[in-house]
Amino acid sequence: MSIRYSQDFKDSLVKLHQEGRSLKSLAEEFGPSKDSIAIWVKQATPVKINGQSKTLKDVRQLEKRLEILEEENEI
C-alpha cells in the first residue's frame, strides 16, 4: 500500500534538506524513504527555462495545461 503525503509535509522535508539535513536523517525521523525525499527535492529545485526559473512541478503543470489547450483547439 502506498502512503500519500501532503504537499505541506513534502515541502517541509525539502526545506529541512535545503537547510542541511541529510536524506537519511529525514527518512529515519519522518518515515518516507530517502528516494522519495530525493524526488521531492529534485521536483522543488528550480531550473532556468528561457531566462525564467521554474521547478519540475511548474513544468509538469504547464505541460498538462498545454495538452488541454491543444485538445480544445482541435475541437
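Count residues from 1 along the sequence. Below, all heavy atoms of this structure are taken into account, side chains as well, without hydrogens, waters or symmetry copies.
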Inset, instruction - Please name the pair of heavy atoms, one in Pro32 and one in Ile37, separated by the smallest distance, quoted to 0.1 Å. - result: O-CD1, 4.0 Å

Legend entry - Partner residues of Gln7 under the side chain to side chain donor-acceptor pair (under 3.5 Å) criterion, sequence neighbours left out: Asp11

Inset, instruction - Rounded to the nearest 0.5 Å, what's the gap from CD on Glu67 to CG on Leu62? Could you check? - result: 13.0 Å

Legend entry - Counterpart residues, side chain to side chain donor-acceptor pair (under 3.5 Å), relative to Ser33 (two or more places apart): Ser36

Inset, instruction - Answer whether the closest heavy-atom distance between the side chains of Gln61 and Arg65 falls below 4.5 Å. - result: no

Legend entry - Selection residues 6-28 - residue pairs positive for ring-ring contact (aromatic ring centres under 6.0 Å, His included), sequence neighbours left out: Tyr5-Phe9

Inset, instruction - Decide whether Ile3 and Leu23 are clustered together by the hydrophobic rule: side chain heavy atoms of Ile, Leu, Val, Met, Phe, Trp, Tyr closer than 4.5 Å, transitively. - result: yes

Legend entry - Listed partners of Phe30 passing ring pair (Phe, Tyr, Trp, His ring centres under 6.0 Å), at least two apart: none

Inset, instruction - Hey, could you give me each pair passing side chain to side chain donor-acceptor pair (under 3.5 Å) that has a residue in residues 42-57? Not counting sequence neighbours. - result: Thr55-Asp58

Legend entry - Interatomic distance, Asp8 atom CG to Lys10 atom NZ [nearest 0.5 angstrom]: 11.0 Å

Legend entry - Candidate pair Leu26 and Leu16, rule side chain to side chain contact (heavy atoms under 4.5 Å, CB included), full reasoning: CA-CA 8 Å; Leu26 293 171; Leu16 288 170; 3.8 Å; yes

Inset, instruction - Could you pull out all residues at least two apart from Arg21 that satisfy salt bridge (Lys or Arg N to Asp or Glu O under 4.0 Å)? - result: Glu29

